[in-house]
Amino acid sequence: MTEKYWLVKCEYDVCSFEELGNRPNGIGYWRGVRNYQARNFIRDGMQKGDSALFYQSNCKEPGIAGLVEIARAGYPDPSQFDADNQYYDPKASKDDPRWFSFDVQWAKAFEPYVSLKDLKNSPKLKEMKVVQRGQRLSIQPVTKREFDIVCEMGGHSVSYRKK
DNA sequence: GCCAACGTTGGC
DNA sequence: GCCAACGTTGGC
């Protein structure tokens, strides 16, 4: 099994990276991804143990705050079955789930923070999806090369996580 | 299966 | 809050 690399987006208001790091178990859950391309990555591509860049959107300085590890790979998103949930999908059934979730485990924080601006300013990352115009996918595959470059930009990872 | 209308994402 | 870029929906 080849290890894969991802970029996972989370709205800052939903869960910041720091907030995730301060949870007792450091575990975060993705719910409500309702895009087929992203769904396919979650369902078919992600594997437990893969590494991912944690991207924060909808905030003052969007960018990558650190690293997480895929703790649980694609499983049916429970919110699609819950009629009271905003992500409820009447067309989904337990026998034939349409949407998938994954869990992450907080790994380490970048220092410095790698902002979207920094990513765009890096000539080596021109091909990276997240810097490209109109790219809105919330789950994106990242090449090992891109992953390594971003990690290097993130310099000396620090731990503000309380053990 | 085309395509206009609409809704959403997300940087700025 | 604006708006460009997409994805989805639904009439035909």
Side-chain angles (χ1 to χ4, degrees), chain A residues 4-23 27-46 50-70 73-104 106-107 109-143 145-147 149-155:
Chain A
K4 298 203 186 86
Y5 302 91
W6 307 95
L7 179 148
V8 295
K9 285 190 194 172
C10 187
E11 288 179 39
Y12 188 81
D13 292 346
V14 175
C15 178
S16 73
F17 190 66
E18 185 163 5
E19 188 194 327
L20 178 71
N22 286 330
R23 290 181 185 175
I27 295 277
Y29 311 89
W30 257 253
R31 300 283 185 268
V33 177
R34 296 293 180 266
N35 171 286
Y36 285 103
Q37 238 185 307
R39 188 277 308 270
N40 293 344
F41 286 133
I42 297 171
R43 186 188 59 185
D44 308 330
M46 269 188 181
D50 288 351
S51 294
L53 305 168
F54 188 101
Y55 181 93
Q56 294 177 159
S57 67
N58 272 321
C59 55
K60 199 171 176 187
E61 195 164 25
I64 297 166
L67 299 179
V68 292
E69 188 178 309
I70 305 302
Y75 59 93
D77 183 342
S79 68
Q80 68 193 306
F81 307 126
D82 177 2
D84 294 330
N85 194 288
Q86 60 167 319
Y87 296 117
Y88 176 62
D89 184 346
K91 290 176 185 162
S93 70
K94 300 215 173 181
D95 290 338
D96 188 20
R98 296 179 114 190
W99 307 111
F100 289 78
S101 286
F102 63 98
D103 302 349
V104 301
W106 193 97
F110 281 166
E111 177 60 43
Y113 181 81
V114 182
S115 70
L116 178 61
K117 208 183 303 169
D118 295 334
L119 297 174
K120 285 184 170 170
N121 284 337
S122 168
K124 293 175 179 171
L125 296 176
K126 286 269 185 283
E127 304 296 313
M128 198 171 175
K129 285 193 170 54
V130 74
V131 304
Q132 283 163 19
R133 193 182 173 79
Q135 180 53 259
R136 304 180 313 184
L137 259 191
S138 56
I139 312 297
Q140 305 177 0
V142 170
T143 66
R145 180 173 168 275
E146 289 163 352
F147 183 85
I149 291 167
V150 174
C151 285
E152 199 172 332
M153 291 168 76

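Letters go in sequence order (proteins before strands), and every chain restarts at 1. Since this is a predicted model, take the numbers as computed values, not measurements.
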Fill in: Atom pair distance, as rounded to whole Å: CG in A/L119 and P in B/dC12
11 Å
Worksheet item: What nucleotide, of C/dA4, B/dG11, C/dG7, holds the atom closest to the side chain of A/Q37?
Response: C/dG7
Practice prompt. Specify the separation, in whole Å, of atom CZ of A/R34 and atom P of B/dT8.
Written response: 14 Å
Fill in: Nearest-Å distance for atom pair CG/C1', residues A/D13 and B/dG10
12 Å
Fill in: NZ (A/K94) with more than 12 external heavy atoms under 6.0 Å
no
Discussion item. Please report the distance, rounded to the nearest Å, between CG in A/N40 and P in C/dG7.
Written reply: 13 Å
Discussion item. Students often get this wrong, so: under 4.0 angstrom with heavy atoms, is A/Y55 touching a base, only sugar-phosphate, or nothing?
Written reply: sugar-phosphate
Worksheet item: Over how many whole Å does the gap from A/Y36 atom OH to B/dT8 atom P extend?
Response: 16 Å
Discussion item. Ring-plane angle category for A/W99 and A/Y36, please: parallel below 30°, perpendicular beyond 60°, tilted otherwise.
Written reply: tilted
Practice prompt. Send over the distance from A/Y87 OH to B/dT9 C1', rounded to a whole Å.
Written response: 12 Å
Discussion item. Would you say CD of A/Q132 has more than 12 non-hydrogen atoms from neighbouring residues, nucleotides or ligands within 6.0 angstrom?
Written reply: yes
Discussion item. Would the base of C/dA5 count as contacting A/R136 through its side chain, where contact means a donor and an acceptor less than 3.5 Å apart?
Written reply: yes
Worksheet item: Are OP1 or OP2 of B/dC12 and a side-chain N or O of A/K120 less than 4.0 angstrom apart?
Response: yes
Worksheet item: Between A/S79 and A/D82, is any side-chain donor less than 3.5 angstrom from a side-chain acceptor?
Response: no
Worksheet item: Rounded to whole angstroms, how far apart are NZ on A/K60 and C1' on B/dG11?
Response: 15 Å
Fill in: Between B/dG10 (C1') and A/Q140 (CD): distance, integer Å
12 Å
